[in-house]
Chemist: 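Sending over a structure as structure tokens; questions will come in a sec.
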Amino acid sequence: IEAPQVPVNNVVQSATGLGNVTFIPDKGRIEELIAISETDLPEEERPPVHLTFGLFSFNLTGINPGEKVNITIALPENAPVNTAYWTYGYMPYSITPWYQIPVLSNNGDNVVVILLQDGGIGDKDSTSNGIIEHTGGPVIDTIPPQTNKTIGKPKYGTNDTWVTSHTLFNLTAEDNPGGTGVDKTYYRIWYNRKWTPWKEYKDNFTLSGEGKHYLEYYSIDNAGNMEEIHNQTHYVDNSPPRTTIEFYGPCYTDGTEEWISPNTFISLNATDYLVQKPTIGKKKEAGCGVDKTFYRVYKEGEEPPEFSVYT
């Protein structure tokens with residue numbers, strides 16, 4: 001038994017020069033099939049994604065008003081299972097003329113099946129009249145999006161390792177130029193030996209609790225491509241340093257006040273530890289470190305001077 005011949009009107013060379021593309025409807029006839037390059041469209045009518053084989057325009061006739069039609073499309077190369085299909089035409093309540101339509105069948109070979117409906121999905125004139133006016137094309141997107149992390153203030157250290165519980169974290173994801181666009185971004189946080197569940201990123205967030213945190217995040221695009229998970233370490237330091245004073249030379253204290261002489265040397269020693277984080281035994285966890293120590297000296301009844309940096 002010989003395979004049925006495909007009408008010559010159902011085959012067209014892609015506008016991107018990648019080979020012939022064939023459209024086979026399960027009912028009706030393909031007429032006026034042409035390939036269109038995206039660059040031939042006015043800029044305001046160009047699709048928001050890069051159509052791998054360019055655009056295809058045709059009329060589907062010989063069907064009943066409002067009828068649904070499955071279109072089998074044979075491409076010149078294999079299409080990944082996450083291949084999307086974009087079409088042009090205003091749907092009710094839509095704010096853009098470009099939208100995705102369902103891909104009914106795609107197992108990774110060069111054949112995909114889409115669903116069109118007269119007066120509905122994939123019909124450019126949105127009129128139920130027994131003719132589907134269609135413009136669209138498949139999008140092969142195998143590149144995952146990229147998520148960038150931005151950290152607000154206060155922050156400190158290489159890669160902004162040290163933060164406080166008031167520091168805002170922002171995640172911004174972008175898909176590759178001409179890709180299908182970012183669908184969702186997810187993140188989770190490890191603290192005190194426990195991970196939170198994965199959360200969909202909606203808005204800026206903070207890290208709670210002093211000490212070490214792990215932050216993981218990734219994004220997915222509309223073609224289902226998943227970015228590799230980012231894993232980064234941050235430390236939360238909400239505790240100020242502690243400064244002690246020591247006297248070298250003549251000095252006396254009654255337990256409340258100290259008396260010294262002009263020959264007494266004064267030493268300031270500052271340390272920084274996380275005092276809010278529970279500790280095991282007597283072990284203390286270091287904070288981000290002391291930046292500067294300030295001091296001023298004045299007599300009772302005098303106007304306090306400006307602080308000086310202790311060196």
Side-chain angles (χ1 to χ4, degrees), residues 6-16 18 20-75 79-106 111-141 175 177-184 221-224:
V6 176
V8 66
N9 292 339
N10 291 32
V11 183
V12 66
Q13 170 77 18
S14 72
T16 55
L18 294 177
N20 288 337
V21 179
T22 303
F23 294 81
I24 306 174
D26 64 353
K27 59 193 69 153
R29 298 179 301 278
I30 297 286
E31 297 181 356
E32 301 178 35
L33 173 63
I34 60 172
I36 305 173
S37 173
E38 298 173 41
T39 57
D40 291 338
L41 296 174
E43 188 170 349
E44 64 274 11
E45 295 183 11
R46 292 178 185 175
V49 295
H50 172 63
L51 301 174
T52 311
F53 304 97
L55 288 162
F56 302 93
S57 177
F58 59 81
N59 293 334
L60 185 66
T61 62
I63 59 174
N64 298 319
E67 193 166 16
K68 296 179 179 180
V69 181
N70 290 334
I71 308 287
T72 299
I73 306 173
L75 302 168
V81 294
N82 59 7
T83 296
Y85 193 95
W86 284 71
T87 187
Y88 180 88
Y90 284 94
M91 293 289 289
Y93 311 111
S94 69
I95 59 175
T96 173
W98 287 98
Y99 60 95
Q100 281 186 254
I101 64 175
V103 176
L104 302 182
S105 175
N106 179 20
V111 176
V112 298
V113 180
I114 62 172
L115 172 67
L116 305 180
Q117 182 177 13
D118 180 36
I121 189 169
D123 188 359
K124 187 162 55 177
D125 67 1
S126 299
T127 302
S128 181
N129 56 3
I131 301 174
I132 296 177
E133 299 180 16
H134 179 73
T135 298
V139 177
I140 297 178
D141 181 5
D175 202 16
T180 54
V182 178
D183 181 18
K184 290 181 174 64
D221 65 16
N222 288 303

Chemist: What's the verdict on side-chain contact (heavy atoms from CB on, under 4.5 Å) for Glu133 and Asp123, showing C-alpha distance, side-chain angles and the deciding distance?
Modeler: CA-CA 5 Å; Glu133 299 180 16; Asp123 188 359; 4.0 Å; yes
Chemist: Would you find a donor on one side and an acceptor on the other, under 3.5 Å apart, between the side chain of Asn20 and the backbone of Val11?
Modeler: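 No, Asn20 side chain to Val11 backbone: no donor-acceptor pair under 3.5 Å.
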Chemist: Could you check if a side-chain atom of Val112 sits within less than 4.5 angstrom of a side-chain atom of Ile73, using non-hydrogen atoms only?
Modeler: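 Yes, their side chains come closer than 4.5 Å.
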Chemist: Considering all heavy atoms of both residues, which atom of Gly54 and which atom of Thr16 are nearest to each other, and what is their separation?
Modeler: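 Looks like N-CG2, 3.6 Å.
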Chemist: Applying side-chain hydrogen bond (donor to acceptor under 3.5 Å, both in side chains), can you list everything that pairs with Asp175, at least two apart in sequence or on another chain?
Modeler: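 side-chain hydrogen bond (donor to acceptor under 3.5 Å, both in side chains) check on Asp175 returns nothing, list empty.
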Chemist: Please name all residues satisfying side-chain hydrogen bond (donor to acceptor under 3.5 Å, both in side chains) with Ser37, sequence neighbours left out, ordered by chain then number.
Modeler: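 With neighbours one apart ignored, the set is Thr39.
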Chemist: How about Phe56 and Ser14: do any of their side-chain heavy atoms sit closer than 4.5 Å?
Modeler: yes
Chemist: So Ile71 and Pro25, do their side chains get closer than 4.5 Å, heavy atoms only?
Modeler: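 Heavy-atom side-chain distance check passes, below 4.5 Å.
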Chemist: Kindly write out the residues that satisfy ring pair (Phe, Tyr, Trp, His ring centres under 6.0 Å) with Trp86, not counting sequence neighbours, or none if the list is empty.
Modeler: none
Chemist: Among all residues two or more places apart in sequence or in another chain, which pass the side-chain contact (heavy atoms from CB on, under 4.5 Å) test with Leu115?
Modeler: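 Partners of Leu115 by the side-chain contact (heavy atoms from CB on, under 4.5 Å) criterion, ordered by chain and then number, come out as Lys68, Asn70, Leu104.
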Chemist: Determine which pairs satisfy salt bridge (charged side-chain N to carboxylate O under 4.0 Å, His left out) with at least one residue from residues 27-36, sequence neighbours left out, and list them in order.
Modeler: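 For residues 27-36: Lys27-Glu67, Arg29-Glu31.
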Chemist: Do you know the tightest heavy-atom contact between Ile131 and Asn59?
Modeler: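 Between these two residues, the closest heavy atoms are CG2-CB, 4.4 Å.
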Chemist: Report yes if some heavy atom in the side chain of Ile34 is under 4.5 Å from a heavy atom in the side chain of Val12; otherwise report no.
Modeler: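 No, their side chains stay 4.5 Å or more apart.
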Chemist: Distance from Asn106 atom CG to Thr83 atom OG1, nearest 0.5 Å?
Modeler: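 Here the rounded value is 5.0 Å.
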Chemist: Determine whether Val21 and Leu75 make a side-chain contact, defined as any pair of heavy atoms from C-beta on separated by less than 4.5 Å.
Modeler: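 Yes - at least one pair of side-chain heavy atoms lies under 4.5 Å apart.
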Chemist: Carefully, step by step, assess Leu60 and Val69 under the rule side-chain contact (heavy atoms from CB on, under 4.5 Å).
Modeler: CA-CA 9 Å; Leu60 185 66; Val69 181; 3.6 Å; yes
Chemist: List the residues meeting ring pair (Phe, Tyr, Trp, His ring centres under 6.0 Å) with Phe53, not counting sequence neighbours, and say none if there are none.
Modeler: none
Chemist: Sequence neighbours left out, what passes ring pair (Phe, Tyr, Trp, His ring centres under 6.0 Å) with Tyr88? Give chain and number order.
Modeler: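 With neighbours one apart ignored, the set is Trp98.
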Chemist: Could you check whether any side-chain heavy atom of Val139 comes within less than 4.5 Å of a side-chain heavy atom of Leu51, counting everything from C-beta outward?
Modeler: yes
Chemist: Under the side-chain contact (heavy atoms from CB on, under 4.5 Å) test, which residues partner Ser105, sequence neighbours left out?
Modeler: Val113
Chemist: Nearest 0.5 Å, please: how far is CD1 in Ile114 from NE2 in His134?
Modeler: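 Rounded to the nearest 0.5 Å, the NE2-CD1 separation comes to 4.5 Å.
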Chemist: Counting distance only, does the side-chain N/O of Ser128 pair as donor-acceptor with the main-chain N or O of Gly66 below 3.5 Å?
Modeler: yes
Chemist: Taking atom CG of Leu33 and atom CG of Asn10, what is their separation to the nearest 0.5 Å?
Modeler: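 Reported to 0.5 Å precision, the distance equals 7.0 Å.
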Chemist: Restricting to side-chain contact (heavy atoms from CB on, under 4.5 Å), what partner residues turn up for Thr52, sequence neighbours left out?
Modeler: Leu18, Ile140
Chemist: What do the steps show when you test Tyr99 against Ile121 for side-chain contact (heavy atoms from CB on, under 4.5 Å), and what is the final call?
Modeler: CA-CA 9 Å; Tyr99 60 95; Ile121 189 169; 4.0 Å; yes
Chemist: State which residues pass side-chain hydrogen bond (donor to acceptor under 3.5 Å, both in side chains) with Glu38; sequence neighbours excluded, sorted by chain then number.
Modeler: His50
Chemist: My understanding is that only residues two or more places apart in sequence, or in another chain, count here; which of them pass side-chain hydrogen bond (donor to acceptor under 3.5 Å, both in side chains) with Asp118?
Modeler: none
Chemist: Stepwise, does the side-chain contact (heavy atoms from CB on, under 4.5 Å) test hold for Leu41 with Leu55?
Modeler: CA-CA 10 Å; Leu41 296 174; Leu55 288 162; 3.2 Å; yes
Chemist: Might you point out which heavy atoms bring Ile36 and Ser57 nearest each other, and give the distance in Å?
Modeler: CD1-CB, 3.7 Å
Chemist: With rounding to the nearest 0.5 Å, note down the distance linking CG in Asp141 to CG in Asp221.
Modeler: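 Asp141 CG to Asp221 CG: 4.5 Å, rounded to 0.5 Å.
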